[in-house]
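In what follows, residues are counted from 1 in the order of the sequence shown. Remember, predicted model here, so these are calculated numbers, not experimental data.
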Amino acid sequence: MTNAESGVDRRRVLIFDTTLRDGEQSPGATMTEPEKLEMADALVEMGVDIIEAGFPAASPGDFEAVRLISERVKGSVVAGLARATRGDIERAAQAVRAAENPRIHTFLASSDIHLEHKLKMSREQMLAKVVDAVTFAKSFTSDVEFSGEDSTRSDWDFLVQVYNAAIKAGATTINIPDTVGYTTPGEYADLITYLKERVEGIDDTIISVHCHNDLGMATANTLAAIAAGARQAEVTVNGIGERAGNTALEEVVMALATRGGKFGDVYTNIRTERIVPTSRLLTGVTGISVQVNKAIVGANAFAHEAGIHQDGMLKNRTTYEIMDPQMVGWEGTKLVAGKHSGRAGFKNALAEAGLKLTDEQIEEAYHR
């Protein structure tokens, strides 16, 4: 039975948040257990579908944080990451055991670069480990995700073999990660299409994508993959993560909320008004500031200084804003008085400050 036949909504894009795992790997982003629990609560409140709570085998602290989050979270799936080894998988299973909806996410590199230089492993050995890892993970939970690390630099025909093996072994989600931020939107969409046409049983799984921002294309690549049929986006709040970061949750969610029709008439279940409060919480927890011109959550995302823009905004907000700032949790639009402001913006700033001046006084003050 396919997902369509079983009643699964193929228009819905699942949001898999890895702020607590890949995001925490951002230099300087380390969080304490109480901070991780606070972030997990915020992610649940925002409506995140899957929370990747950590990498249990990485350290005793990681294990304990994943265990505590698993006991606490209700509604969202809680995932633990594991390398494709029985030790890692068993450790992840122990950590998520108490979760209402537990997932084991196991991974193994599929690119020849990694197989040759990092793993010292043949393709045949890799395929055997995939089958063993997914089968073993399946003995602990029905919800198993498999990722072929560095998929976008892997041989496409070999990837077909890898994901065939993972699905036959029981993987319910297959993730096609752009681990080093190497791909481009068109290329990534072609890869998703290529796999959809050739991997057996792929219609009965969720195709997930996990992108990094090394070339500044993480969001574009994620959206291109969604347009090609991916139905899970792996993201982080504020786009934090290894090196240049991960795909930003807020960018993907609001791109789909604003332009969903361009990507297959899709949607997410994220409560968008919680985006800015969650962004602020993460900034406070990690001390990593958001650049002022960052899309959606940056301080200038809904600020206008230019006179032409201010005049348009005062006449009709939609002249220069494609989203309502309150929709994502901002208090409202900011019209900033500066050297580029015109009379309309200046008069508005005076009114907001509660200053009542005559037209002559306003004109004099404007020139001054």
**Student:** Checking D88 now: which residues fulfil salt bridge (Lys or Arg N to Asp or Glu O under 4.0 Å) with it, not counting sequence neighbours?
**Tutor:**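 Applying salt bridge (Lys or Arg N to Asp or Glu O under 4.0 Å) to D88 gives R83.
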**Student:** Side chains of I89 and F140, heavy atoms from C-beta outward: is any pair under 4.5 Å?
**Tutor:**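 Side-chain contact under 4.5 Å: yes.
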**Student:** Which pairs count as salt bridge (Lys or Arg N to Asp or Glu O under 4.0 Å) when at least one residue sits in residues 224-252, sequence neighbours excluded?
**Tutor:**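 Output for this query lists D214-R243, E250-K294, E251-K294.
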**Student:** Do you reckon V253 sits in the same ILVMFWY cluster as I240, going by side-chain contacts under 4.5 Å, direct or chained?
**Tutor:**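 The answer is yes; both residues are in one hydrophobic cluster.
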**Student:** Quick test of your reading of the model: are R67 and E64 salt-bridged, counting only N-O distances below 4.0 Å?
**Tutor:**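 Salt bridge flag = yes for E64 with R67.
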**Student:** May I ask you to check whether over 12 heavy atoms, not counting those of R259, lie within 6.0 Å of atom CZ?
**Tutor:**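 Counting neighbours around CZ of R259, 12 or fewer heavy atoms of other residues, nucleotides or ligands fall under 6.0 Å, so no.
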**Student:** Could you work out, with side chain to side chain contact (heavy atoms under 4.5 Å, CB included) as the rule, every residue matching A218, not counting sequence neighbours?
**Tutor:**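 So A218 forms a side chain to side chain contact (heavy atoms under 4.5 Å, CB included) with C211, N213, T247.
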**Student:** Enumerate the residue pairs fulfilling side chain to side chain donor-acceptor pair (under 3.5 Å) with a member in residues 188-201, sequence neighbours excluded, ordered by first and then second residue.
**Tutor:**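 Only D157-Y194 qualify under side chain to side chain donor-acceptor pair (under 3.5 Å).
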**Student:** What do you reckon, is NZ of K118 surrounded by more than 12 foreign heavy atoms closer than 6.0 Å?
**Tutor:**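 Yes, enclosed.
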**Student:** Could you tell me if the side chain of M254 sits less than 4.5 Å from the side chain of V328, heavy atoms only?
**Tutor:**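 The answer is yes, as the side chains (C-beta and beyond) meet within the 4.5 Å cut-off.
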**Student:** Output every pair passing salt bridge (Lys or Arg N to Asp or Glu O under 4.0 Å) with a member in residues 89-106, not counting sequence neighbours, ordered by first then second residue.
**Tutor:**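 The answer is R103-D143, R103-E145.
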**Student:** Taking side chain to side chain contact (heavy atoms under 4.5 Å, CB included) as the definition, give me every residue that meets it alongside Q125, ordered by chain and number, with sequence neighbours left out.
**Tutor:**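 Result, side chain to side chain contact (heavy atoms under 4.5 Å, CB included) vs Q125: M121, S122.
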